[in-house]
Amino acid sequence: MAPFLSLSVIFLLLQFPFLSLSTNPEGNALHDLRSRLSDPNNVLQSWDPTLVNPCTWFHVTCNSNNHVIRLDLGNANVSGTLGPELGQLHHLQYLELYKNDLRGKIPKELGNLKTLISMDLYDNKFEGKIPKSFGKLKSLKFPAAKQQ
Ligand SMILES: *[C@@H]1O[C@H](CO)[C@@H](O)[C@H](O)[C@H]1NC(C)=O
């Protein structure tokens with residue numbers, strides 16, 4: 001049974017090489033985000049999910065361990081909604097989504113991003129309240145502009 005199974009897996013990987021490369025959870029999360037967004041200016045064009053990780057994608061920055069630490073999509077003319085997948089970016093420090101046409105609710109899963117230093121969501125069309133889960137964001141610093 002076991003040898004048969006592993007042969008099937010190898011066969012699958014040979015047939016569909018992308019299967020072996022699409023297991024990066026942060027890349028998957030970002031790709032899920034892309035699938036929710038309308039992107040008339042093609043700012044997400046480089047987001048190729050067949051790459052081993054998303055670290056070479058434009059508007060994405062990784063640390064030396066290939067974990068995503070920044071998402072810079074401020075003023076990018078994207079529209080759509082955010083989903084729970086953003087909560088998978090466990091190393092994210094900067095989430096910059098300001099000045100777009102994002103709608104719907106702000107996902108409570110953003111409260112899981114314990115390493116967030118800055119989150120800029122202003123100038124969008126979000127509805128509802130700030131999720132209570134944001135109380136868990138202990139590293140978050142308020143934007144410098146608001147302290148002046
Ligand atoms: C933003 O996208 C819309 C289409 O949805 C387009 O008409 C408009 O020119 C774009 N704005 C900029 C600044 O590129």
Side-chain angles (χ1 to χ4, degrees), residues 9-148:
V9 168
I10 290 167
F11 176 75
L12 269 176
L13 293 179
L14 288 174
Q15 288 283 308
F16 304 103
F18 58 85
L19 282 180
S20 61
L21 299 176
S22 62
T23 52
N24 181 280
E26 292 164 281
N28 288 345
L30 290 171
H31 194 251
D32 287 351
L33 171 66
R34 182 186 182 181
S35 68
R36 293 173 180 280
L37 298 179
S38 155
D39 175 24
N41 293 16
N42 292 323
V43 298
L44 307 177
Q45 205 165 31
S46 66
W47 288 24
D48 176 356
T50 66
L51 297 179
V52 177
N53 61 50
C55 298
T56 55
W57 298 1
F58 288 165
H59 313 290
V60 174
T61 308
C62 291
N63 62 14
S64 54
N65 298 321
N66 292 333
H67 288 299
V68 175
I69 56 169
R70 292 190 71 109
L71 182 57
D72 285 288
L73 288 173
N75 207 4
N77 207 17
V78 291
S79 59
T81 58
L82 303 181
E85 64 273 0
L86 285 178
Q88 300 299 311
L89 300 174
H90 293 301
H91 301 265
L92 198 66
Q93 296 178 1
Y94 294 87
L95 178 59
E96 305 300 329
L97 296 173
Y98 56 89
K99 290 192 190 168
N100 285 297
D101 189 17
L102 299 171
R103 294 158 186 270
K105 288 191 170 148
I106 298 175
K108 64 177 186 312
E109 289 78 6
L110 290 183
N112 299 336
L113 303 178
K114 300 215 166 56
T115 53
L116 265 191
I117 294 169
S118 171
M119 172 164 55
D120 289 308
L121 304 178
Y122 60 87
D123 280 359
N124 281 290
K125 300 197 178 80
F126 290 115
E127 59 193 51
K129 293 186 177 153
I130 304 273
K132 284 198 182 73
S133 60
F134 280 27
K136 295 190 286 182
L137 295 171
K138 303 293 187 212
S139 317
L140 201 61
K141 309 246 188 312
F142 288 94
K146 302 242 165 81
Q147 290 171 353
Q148 283 166 8

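In each ligand, atom 1 is the first atom listed, and ligand 1 is the first ligand listed. For the single chain, residues carry numbers from 1 onward in sequence order.
Protein heavy atom at the shortest distance from atom 5 (O) of ligand 1 is Pro40 CG, 3.6 Å. Among all non-hydrogen protein atoms, the one lying nearest atom 6 (C) of ligand 1 is Asn77 ND2, 4.1 Å.
Under a 4.0 Å criterion applied to the non-hydrogen atoms of Asn41, ligand 1 contributes the atoms 1 (C), 10 (C), 12 (C), 14 (O).
Without hydrogens or angle criteria, Asn53 side chain to Asn66 main chain gives no donor-acceptor distance under 3.5 Å. Not a single donor-acceptor pair under 3.5 Å links the side chain of Asn100 to the backbone N or O of Asn124.
No side-chain heavy atom of Asp120 sits less than 4.5 Å from a side-chain heavy atom of Leu95.
Checked by atom type, the side-chain pair Ser133/Glu109 shows no donor-acceptor distance below 3.5 Å.
For atom 2 (O) of ligand 1, the protein comes within 4.0 Å by at least one heavy atom.
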